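One structure is given here, and the rest of the page talks about it.
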Amino acid sequence: MGLLRAIQRHKLLSFSIAAASGVAIYTQTRRKDWSSVGAVRFGRAMFGVVGIVVDYKKTLFHVDDSTEQYRELKSKVHWRSAEKLRQMCCKNGGIFIKIGQYLGSLDYLLPEEYVKTMKVLHNDAPRSPLDSIRRVVEEDLGCKVEDVFQEFSCEPIGTASLAQVHKASLKDGTQVAVKVQHPQVKAYSDVDMKTVDFLLHAVAWVFPEFEFLWLSEEMKKKLPVELDFIQEGHNAEKIARLLGHFKFLKVPKVYWNHSSARVLIMEYCEGGFVEDKAYMKKHGINVNKITQALGELYSEMIFVHGFVHCDPHPGNILIRKTDKQEMEMILLDHGLYQTLTDEFRWNYSHLWLALIRADLDNIKQYGQALGAGELYPLFACMLTARSWNSVTTGIDKVTPNQAEDQEIQESVGNYLPEISSILNKVPRQMLLLFKTNDLLRGIEFALDSRKSASSFINMSRCCVRAVADQDLSRCTNWISRTRVHLYKHLRLMGISAYQLYVQISNMSFMQQIIRLFSTAPVKQVSVVGL
């Protein structure tokens with residue numbers, strides 16, 4: 001025990017010494033706006049993380065981890081540490097805000113103290129002064145703001161980690177939304193990423209059981225793409241083309257003649273935030289139709305096209321009624337997409353079919369194929385945000401409830417090292433899907449609308465199409481291809497028949513008829529046999 005304490009003290013001392021120069025610079029200059037100086041930003045981050053590490057070690061070192069006291073103390077230090085981390089992210093801005101938002105989206109994967117604290121960053125990102133924003137526009141477009149816009153709002157209508165959006169009108173009177181990158185984000189993105197990478201490696205050294213190196217790897221890969229607004233415009237046009245058959249979907253038009261790598265001009269669209277229940281009630285919009293539409297969109301993105309919008313937080317999805325009084329969903333912010341390989345998409349489709357059918361053999365097979373190893377039961381729970389009991393019974397049969405949610409949230413703290421291990425092992429494509437799944441579940445929770453049988457029906461339909469694509473890729477002649485097409489259509493017809501059954505059985509009159517003429521309780525039909 002004495003040797004262990006000595007090693008841990010040595011680690012903390014070494015970690016602190018590594019921070020010393022940066023902390024000193026931060027302390028000496030904290031009264032000035034030196035946030036664009038790399039050493040200051042590094043020092044501030046190091047100062048915050050060292051404080052968090054010391055707090056954990058000091059608070060929990062002598063406490064038995066099997067006691068209630070340990071759990072209470074750990075929760076308190078989680079709250080303190082999450083708040084320190086949030087404050088550091090706000091001061092440094094840029095990608096630190098982005099990382100905080102990412103952590104705030106990982107419900108059921110991180111302790112709730114961190115998730116709840118970081119969630120506020122989605123709606124409380126720092127804004128840049130108007131003169132700085134105008135300077136970026138003029139530098140990128142090569143002309144004065146007044147040469148392009150008839151009007152340009154002084155206040156942003158939305159702020160985010162990397163950019164903010166202003167309402168404007170072009171010279172011809174067309175109303176547009178102007179997304180402008182924060183002035184210094186690109187300039188210090190390189191040093192910030194190196195800082196984050198260093199800190200995550202240092203934390204993994206002090207706490208070997210908690211490895212979040214996947215977060216650094218993912219940010220290094222995705223950040224340069226998100227900083228290129230030209231790519232964002234192309235993403236918007238691609239997803240509008242792929243999902244154009246969904247009449248309820250609206251993707252704002254891009255105005256290319258006035259857009260650049262740091263300035264993106266798109267059609268201005270109004271609507272209520274997707275999680276605003278009061279807005280939906282006022283405008284007579286059925287919240288269940290919203291979550292069903294989201295499920296249809298994302299099932300097609302993930303399983304059929306393998307091209308996924310990975311930032312569906314409430315500020316990026318607006319809802320409104322059209323002139324025909326139909327619900328319309330406006331999808332914004334197309335900077336962060338994940339392209340899935342065919343192999344990943346097929347394995348993921350097989351896994352979800354197995355989860356819907358409660359097919360434990362295939363849950364194991366495809367969970368392990370996706371890198372979970374012997375932790376595949378935990379992996380299944382992470383994907384579905386359901387307990388293992390619900391997974392083995394059938395997630396389409398067991399209705400989610402508050403007790404199950406509480407059980408899962410408490411389990412996160414107990415299984416954090418195992419969760420961390422899975423996140424480090426699974427394909428990198430999986431990481432943004434975890435975030436996307438959790439953001440979509442957050443919207444369902446805010447609207448008080450949980451997944452219904454129809455949601456799993458739509459998902460099953462897309463999974464069947466994906467699996468058929470895999471089978472077709474292996475065919476060598478027209479006979480085998482015909483067989484695959486026939487089997488696919490038969491399975492899709494079976495799913496449609498089940499969907500019709502669900503719709504009929506949900507009708508109150510039909511339920512009365514069933515009760516009158518049934519000699520035994522009606523058995524719950526599942527998507528299992530489809």
Side-chain angles (χ1 to χ4, degrees), residues 95-96 98-110 118 161-162 189-190 192-201 203-204 210-228 231-232 234-235 238-239 298-299 301-313 333-352 365-376 378-385 416-441 466 470:
I95 70 165
F96 288 90
K98 193 74 179 176
I99 291 171
Q101 290 176 339
Y102 192 107
L103 297 176
S105 68
L106 296 179
D107 295 273
Y108 307 107
L109 296 181
L110 291 180
M118 294 300 174
S161 55
L162 305 181
S189 62
D190 186 53
D192 282 354
M193 275 314 312
K194 289 178 180 177
T195 298
V196 170
D197 189 55
F198 173 81
L199 292 176
L200 289 173
H201 277 84
V203 170
F210 302 120
E211 294 187 24
F212 288 90
L213 303 182
W214 52 269
L215 182 57
S216 172
E217 293 170 10
E218 197 62 21
M219 290 297 295
K220 283 190 286 188
K221 181 180 177 182
K222 294 298 182 184
L223 183 63
V225 178
E226 285 197 81
L227 290 173
D228 182 1
Q231 182 60 51
E232 178 174 345
H234 289 313
N235 289 342
K238 181 176 180 178
I239 204 65
Y298 273 86
S299 290
M301 283 189 218
I302 293 169
F303 301 113
V304 178
H305 300 295
F307 187 66
V308 190
H309 181 292
C310 288
D311 203 11
H313 73 75
D333 195 348
H334 300 271
L336 185 60
Y337 272 75
Q338 178 69 66
T339 300
L340 309 178
T341 64
D342 284 341
E343 181 181 5
F344 176 90
R345 181 169 59 89
W346 294 333
N347 283 331
Y348 195 59
S349 298
H350 278 294
L351 177 58
W352 267 104
Q365 178 183 343
Y366 291 104
Q368 292 182 337
L370 288 168
E374 292 305 313
L375 292 173
Y376 70 88
L378 178 59
F379 182 51
C381 295
M382 290 165 63
L383 276 177
T384 59
L416 196 54
E418 289 81 5
I419 291 172
S420 176
S421 175
I422 289 175
L423 294 176
N424 276 297
K425 290 177 180 178
V426 296
R428 301 300 89 183
Q429 301 163 77
M430 190 72 246
L431 299 177
L432 282 178
L433 291 189
F434 274 128
K435 173 192 173 186
T436 303
N437 288 343
D438 283 342
L439 285 170
L440 293 173
R441 275 191 285 264
Q470 180 184 22

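Nothing fancy with the numbering, it's 1 onward along the sequence. This one's a predicted model, so the numbers in the text were calculated from it and none came from an experiment.
The minimum heavy-atom distance linking S189 with L223 is given by the pair CB-CD2, 3.9 Å. Across all their heavy atoms, E226 and G335 have their closest contact at CG-O, 3.7 Å. The minimum heavy-atom distance between T436 and P312, with the atom names listed, is CG2-CG, 3.9 Å. Listed here is the closest heavy atom pair of T339 and Q429: O-OE1, 3.8 Å. Here the shortest heavy-atom pairing between P224 and M219 reads CD-O, 4.2 Å. Among all heavy-atom pairs drawn from C310 and Q338, the shortest one is SG-CB, 3.6 Å.
Contact of the K222 side chain with the L432 side chain is registered, since non-hydrogen atoms from C-beta on lie closer than 4.5 Å. Proximity of E374 to Q368: side-chain heavy atoms (C-beta onward) are separated by under 4.5 Å at one or more points. Within the 4.5 Å cutoff, the side chain of K435 has heavy atoms near those of the D311 side chain. In this structure, L336 and N235 have side chains that are not in contact, with every pair of non-hydrogen atoms separated by 4.5 Å or more. Side-chain contact between F307 and I302 is absent, with no heavy-atom pair separated by less than 4.5 Å. No side-chain heavy atom of D342 sits less than 4.5 Å from a side-chain heavy atom of Q470. For the pair V196 and K220, the minimum side-chain heavy-atom distance is 4.5 Å or more. In this structure, Y298 and L433 have side chains that are not in contact, with every pair of non-hydrogen atoms separated by 4.5 Å or more.
With sequence neighbours excluded, no residue forms a salt bridge (Lys or Arg N to Asp or Glu O under 4.0 Å) with K238. A search for side-chain contact (heavy atoms from CB on, under 4.5 Å) contacts involving L375 returns E418, S421, I422, not counting sequence neighbours.
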* Under the side chain to side chain contact (heavy atoms under 4.5 Å, CB included) criterion, do Q101 and H313 qualify, and how do the steps go? -> CA-CA 10 Å; Q101 290 176 339; H313 73 75; 5.8 Å; no
* Take L383 and M430 through the side chain to side chain contact (heavy atoms under 4.5 Å, CB included) test and state the conclusion after the steps. => CA-CA 10 Å; L383 276 177; M430 190 72 246; 3.5 Å; yes
* Apply side chain to side chain contact (heavy atoms under 4.5 Å, CB included) to the pair D192 and F96, showing each step before the final yes or no. => CA-CA 8 Å; D192 282 354; F96 288 90; 3.4 Å; yes
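Not one N or O on the side chain of H305 forms a donor-acceptor pair closer than 3.5 Å with the backbone of I239. No donor-acceptor distance shorter than 3.5 angstrom exists from the side chain of Q231 to the backbone of V225, with no hydrogens or angles considered. When atom types are taken as modelled, the side chain of R345 and the backbone of F303 share a donor-acceptor pair closer than 3.5 angstrom.
Between Y348 and W352, the angle of the ring planes goes over 60°, which puts this pair in the perpendicular group of the 30/60° scheme.
Between K194 and D197 there is no salt bridge, since none of the side-chain N atoms of the basic residue sits less than 4.0 Å from a carboxylate O of the acidic one.
Note that CZ of R441 and CG of L439 are 10.0 Å apart. Values are rounded to the nearest 0.5 Å. Rounding to the nearest 0.5 Å gives a distance of 10.5 Å between OG1 of T384 and CZ of F379. With rounding to the nearest 0.5 angstrom, the OG1 atom of T195 is 9.0 Å from the CZ atom of F198.
When each of W346, Y366, Y376 is tested with L351 by the rule side-chain contact (heavy atoms from CB on, under 4.5 Å), just one qualifies, namely Y366.
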